[in-house]
Amino acid sequence: MRVVRILPNLPVADISDAKGFYTDFLGLSTEAFNLGWVARYTSPDPDVAVQLVSGDASAPEDSVISVQVDDVDAAYAEAQRLGYEIVHPLTTEPWGVRRFFVRAPDGNVINVAAHRS
């Protein structure tokens, strides 16, 4: 497994209310996607991005970061082999990602995902 990208997931009460700060003040004016409960805003450089999360639609907990990997199935198998707590099982979500949530030893919940090709 190789990590492709890591994005912060910032908890917000309401994405619409929070959007202006990140788009107007910070200049992350491109809305890469918005599912209502999670939205990604980027600058013209897509590596400069933040995700706002008001509550995950299918997982029991919110994650602090999203880690995009090239092989999510291998990452899942490795997390299980190492005995890490799986918070949300490996799932192909309707919005186009295959993902699972794992709890790091420090307690943080990490969203490990790959986009379907």
query: So, for Tyr22 and Val50, which heavy atoms are closest and what is the spacing to 0.1 Å?
result: CD2-CG1, 4.1 Å

message: Looking at every non-hydrogen atom in both residues, tell me the closest pair between Trp95 and Ser58 and how far apart they are.
response: CH2-OG, 3.7 Å

statement: Interatomic distance, CG@Leu7 vs OG@Ser66, rounded to 0.5 Å, equals 6.0 Å

message: With a 4.5 Å cut-off on side-chain heavy atoms, are Val102 and Val112 touching?
response: yes

- prompt: Taking a hydrophobic cluster as the set of Ile, Leu, Val, Met, Phe, Trp and Tyr residues connected by side-chain heavy atoms closer than 4.5 Å, whether directly or through intermediates, do Tyr41 and Leu35 fall within one such cluster?
  reply: no

Non-neighbouring partners of Ala32 that pass side chain to side chain contact (heavy atoms under 4.5 Å, CB included), sequence neighbours left out: Arg40, Thr42

query: Looking only at heavy atoms, what is the nearest atom pair of Ala49 and Pro8, with distance?
result: O-CD, 3.8 Å

Nearest-0.5 Å distance, CG of residue Leu90 to CD of residue Gln80: 8.5 Å

message: Could you measure the distance from the CD atom of Glu61 to the CG atom of Asn108? Nearest 0.5 Å is fine.
response: 10.5 Å

Considering all heavy atoms, the nearest Asp71-Ala74 contact: OD1-N, 3.0 Å

query: Which residue pairs satisfy the ring-ring contact (aromatic ring centres under 6.0 Å, His included) criterion with at least one member in residues 50-80, sequence neighbours excluded?
result: Tyr76-Phe100

- prompt: Counting N and O atoms only, with roles assigned by atom type, does the side chain of Asp62 sit under 3.5 Å from a partner on the main chain of Asp56, one being a donor and the other an acceptor?
  reply: yes

- prompt: Any side-chain heavy atom of Arg98 within less than 4.5 Å of one from Asp73?
  reply: yes

query: Linking Ile, Leu, Val, Met, Phe, Trp and Tyr through side-chain heavy atoms less than 4.5 Å apart, which residues share a cluster with Val109?
result: Val87, Phe101

message: Does any part of the side chain of Val64, heavy atoms only, come nearer than 4.5 Å to the side chain of Ile110, both counted from C-beta?
response: yes

task: List the atom of Asp70, the atom of Arg2, and the distance in Å for their closest heavy-atom pair.
output: OD1-N, 2.6 Å

message: Would you say that more than 12 heavy atoms from the other residues, nucleotides or ligands in this model lie under 6.0 Å from the CZ of Phe33, or not?
response: yes

query: Is there a path from Ile6 to Val72 through hydrophobic residues (I, L, V, M, F, W, Y) whose side chains come within less than 4.5 Å of each other?
result: yes

- prompt: Taking side chain as C-beta onward, heavy atoms only, is Ser63 less than 4.5 Å from Arg99?
  reply: no

Which atom of Thr23 lies closest to which atom of Leu28, heavy atoms considered: CG2-O, 3.2 Å

statement: Output for pair (Arg103 CZ, Glu85 CD), nearest 0.5 Å, gives 4.0 Å

query: Quick one: do Ile65 and Val4 end up in the same hydrophobic cluster if we chain Ile, Leu, Val, Met, Phe, Trp and Tyr together by side-chain heavy atoms under 4.5 Å apart?
result: no

- request: Answer yes if Phe21 and Leu52 sit in the same cluster of Ile, Leu, Val, Met, Phe, Trp and Tyr residues linked by side chain heavy atoms under 4.5 Å apart, and no otherwise.
  value: yes

